[in-house]
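What follows is a short report on a single structure.
Numbers restart at 1 for each chain; the letters A, B, ... are given by sequence-line order, proteins then strands.
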Protein chains: 2
Amino acid sequence: MTNIRDLAQMAGVSVTTVSRVLNQHPYVSEEKRKAVLEAIKVSNYHKNINAVHLSKGKTQLMGVVIPFSDHSYFAMLLKGIAKQALEHNYKLVLFQTEYIESKEMEALQMLKQKQIDSLIICSRSCDISIIEEHLQFGPIVLCEDNPRSKISSTFVNHYKIFSDALDYLYQKGHRQIGYCIGRRSGTNSQNRELAYQHFHKKYRLPYNSDYIIDQCLYFEDGERVITRIKEMDTPPSALLVTSDQVAAGIVISCQNQQLSIPDDIAIIGFDNEPIAKMLNITTIEIPLVEMGGNLFQQALNRALTNREISVKLIERGTV
Amino acid sequence: MTNIRDLAQMAGVSVTTVSRVLNQHPYVSEEKRKAVLEAIKVSNYHKNINAVHLSKGKTQLMGVVIPFSDHSYFAMLLKGIAKQALEHNYKLVLFQTEYIESKEMEALQMLKQKQIDSLIICSRSCDISIIEEHLQFGPIVLCEDNPRSKISSTFVNHYKIFSDALDYLYQKGHRQIGYCIGRRSGTNSQNRELAYQHFHKKYRLPYNSDYIIDQCLYFEDGERVITRIKEMDTPPSALLVTSDQVAAGIVISCQNQQLSIPDDIAIIGFDNEPIAKMLNITTIEIPLVEMGGNLFQQALNRALTNREISVKLIERGTV
DNA sequence: TTGTAAGCGTTATCAC
DNA sequence: GTGATAACGCTTACAA
């Protein structure tokens with residue numbers, strides 16, 4: 001492997017001059033530039049980027065933490081991040097954590113060790129205080145509403161969205177409303193649960209924890225939801241489903257099992273994915289790709305910013 | 001940022017000893033080890049991994065090229081790769097190319113520049129000769145059947161699979177068979193097209209290029225397929241659909257448009273995703289996660305291996 | 001416009 | 001067991 005010193009020797013110049021040519025800096029005579037370029041060509045030279053990284057203390061690598069790479073919500077966030085990354089000449093290092101805390105720690109570890117310049121955590125498992133401790137090693141951004149934290153974030157107000165959606169269903173006459181969620185433990189999930197509790201208090205409705213169905217991540221989970229609902233003595237008349245994929249699975253399951261939508265059960269999905277349009281599912285549009293782009297921008301800066309993204313109810317045929 | 005030299009000074013030992021402790025090498029007295037460990041603790045020291053990379057000439061980073069991160073086929077391959085990566089203490093650098101050649105070139109560039117140790121290309125855009133040229137910089141593996149090439153690969157025999165599936169449909173009485181595909185230009189796609197042509201020759205069936213429908217990637221593309229088929233004077237009686245997602249979209253579309261499956265049109269999907277089971281779709285099971293794992297293994301070695309993975313027809317209700 | 005030389009933070013070789 | 005010291009390949013003051 002030929003290096004910058006070999007090049008300097010071949011071209012009969014100093015390493016500085018070679019470096020200048022390599023990084024298109026000014027103040028190099030055309031003559032020497034050509035000599036260097038020639039040397040590069042004949043030697044089939046390529047920069048060792050690790051040396052650059054060590055020297056500069058930067059890697060142009062950004063870490064992205066997601067629990068599952070085959071889940072549409074995260075895939076869309078990732079799409080937005082990847083697009084911005086490309087434009088800004090950053091590469092992405094992917095951490096697929098499956099919500100295992102130790103895998104998330106590995107990402108933080110890499111930030112500490114300077115292998116990545118900054119970190120986007122799309123869904124967090126480990127404690128917020130641990131994240132904060134790592135802030136000294138580089139920008140970290142989250143995709144959740146964490147007031148009074150020192151961490152930048154892009155988020156939607158899940159409390160408000162859930163409240164509004166529940167109100168909407170209430171206006172439509174629903175009194176027994178359940179919801180489906182991926183996991184119950186995240187910040188976003190907890191905000192939703194809070195909204196759910198407050199809703200029941202506000203309208204003095206009986207609170208039924210059976211109506212909260214978790215582990216709803218993929219299309220096929222919709223089947224389980226319907227099976228479970230059919231077993232209930234007093235099933236909910238409406239369901240908030242925090243993923244259009246799952247909502248779609250529910251709709252299909254209902255077809256298979258002769259349940260009528262929205263008469264037997266009303267459905268509101270989330271995200272407004274194409275599948276929701278196709279199946280005519282009422283949903284709450286969340287601009288995930290845009291959010292991904294915003295997360296990237298925040299990770300690029302050191303500034304502390306918390307940006308709320310607004311959403312839109314798309315009324316279709318499942319309510 | 002404290003470094004290994006500071007540590008040596010603090011602990012009153014040499015950098016070598018510190019390095020030994022850091023890398024758990026033998027031949028360090030318990031006494032000095034403790035001193036070093038103590039220094040590490042009080043100084044909040046962390047290795048600069050870039051220096052390690054430079055020194056070792058390796059990064060423990062593996063590149064993965066996929067066209068779309070929100071496509072289930074690639075998401076599953078990625079899942080398998082990520083799992084192995086974790087076990088072998090490798091991190092993944094993701095290149096989302098959208099089939100744009102220049103983005104694939106960036107991945108090759110990083111291999112050249114030693115920022116990644118090896119590269120897995122799940123779906124290739126650029127010429128095979130370009131890949132071969134880059135083989136000198138590190139292992140590159142492909143996910144396609146490229147006989148007589150010097151490139152390692154894990155693949156399924158798309159020619160044979162397609163031939164068998166077409167024969168199967170022929171036995172079931174179908175004479176007008178079409179197929180849906182993502183793009184027509186990849187090696188895998190061309191093998192399938194070849195099988196399709198040979199099938200028609202073998203049974204002396206009229207060949208109708210309208211029966212090949214491309215750009216079929218996502219669930220929602222199923223709708224377009226059905227729209228198109230309904231416009232045909234002599235529509236196919238069966239469809240090979242190279243993705244269960246699209247097959248599922250087709251099945252739903254048929255429901256919406258009062259087409260009966262398999263009477264009006266028979267469907268065979270690919271991959272055996274959960275959605276196929278749920279919608280009772282006959283499909284060809286491809287162990288994508290396992291293939292991903294195998295790709296990783298090959299990328300880890302320098303040996304040239306070409307491994308064919310076998311598949312299985314899962315008979316359900318759409319044929 | 002050009003070059004010298006001092007980093008960047010490790011690992012590896014070799015002598016003691 | 002231990003420690004100098006030379007790589008690794010690049011960037012960047014600073015000097016000329």
On DNA chain D, nearest-nucleotide positions of His25(A) versus Asn50(A): which is more 5'?
-> Asn50(A)
Determine the contact category for Thr16(B): base if any of its heavy atoms lies under 4.0 Å from a base atom, sugar-phosphate if only primed atoms, P, OP1 or OP2 are that close, otherwise nothing.
-> base
Answer with base, sugar-phosphate or nothing: what part of the nucleic acid does Val15(B) contact at a heavy-atom distance below 4.0 Å?
->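 Contact class for Val15(B): base.
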Under the criterion side chain to side chain contact (heavy atoms under 4.5 Å, CB included), which of Asn146(A), Leu304(A), Val141(A), Ile121(A) is the partner of Ile151(A)?
->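 Single pass found, and it is Asn146(A).
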Side-chain heavy atoms of Asp6(B) within contact of Asn3(B), under 4.5 Å = yes
Can you check whether Gln297(B) reaches His88(B) side chain to side chain, under 4.5 Å on heavy atoms?
->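 Yes; the side chains approach each other to less than 4.5 Å.
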Using atom [atom1] of [X] as one end and atom [atom2] of [N] as the other, report the distance to the nearest whole Å.
X: Met1(B); N: dG7(C); atom1: CE; atom2: P; result: 19 Å
X: Leu54(A); N: dC8(C); atom1: CG; atom2: C1'; result: 4 Å
X: Asn3(B); N: dT11(C); atom1: CG; atom2: P; result: 12 Å
X: Lys112(B); N: dG9(D); atom1: NZ; atom2: P; result: 17 Å
X: Arg20(A); N: dG3(C); atom1: CZ; atom2: P; result: 9 Å
X: Lys56(B); N: dC8(C); atom1: NZ; atom2: C1'; result: 18 Å

Arg5(A) or Glu30(A): which one's nearest nucleotide on DNA chain C is closer to the 5' end?
->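 The residue closer to the strand's 5' end, by nearest nucleotide, is Glu30(A).
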Measure from the side-chain heavy atoms of Ser19(A) and tell me the nearest of dT11(C), dT11(D), dT2(C).
->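 Among the listed nucleotides, the one closest to the side chain of Ser19(A) is dT11(D).
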Tell me whether the OP1 or OP2 atom of dC10(D) has a side-chain N or O from Tyr45(A) closer than 4.0 Å.
-> yes
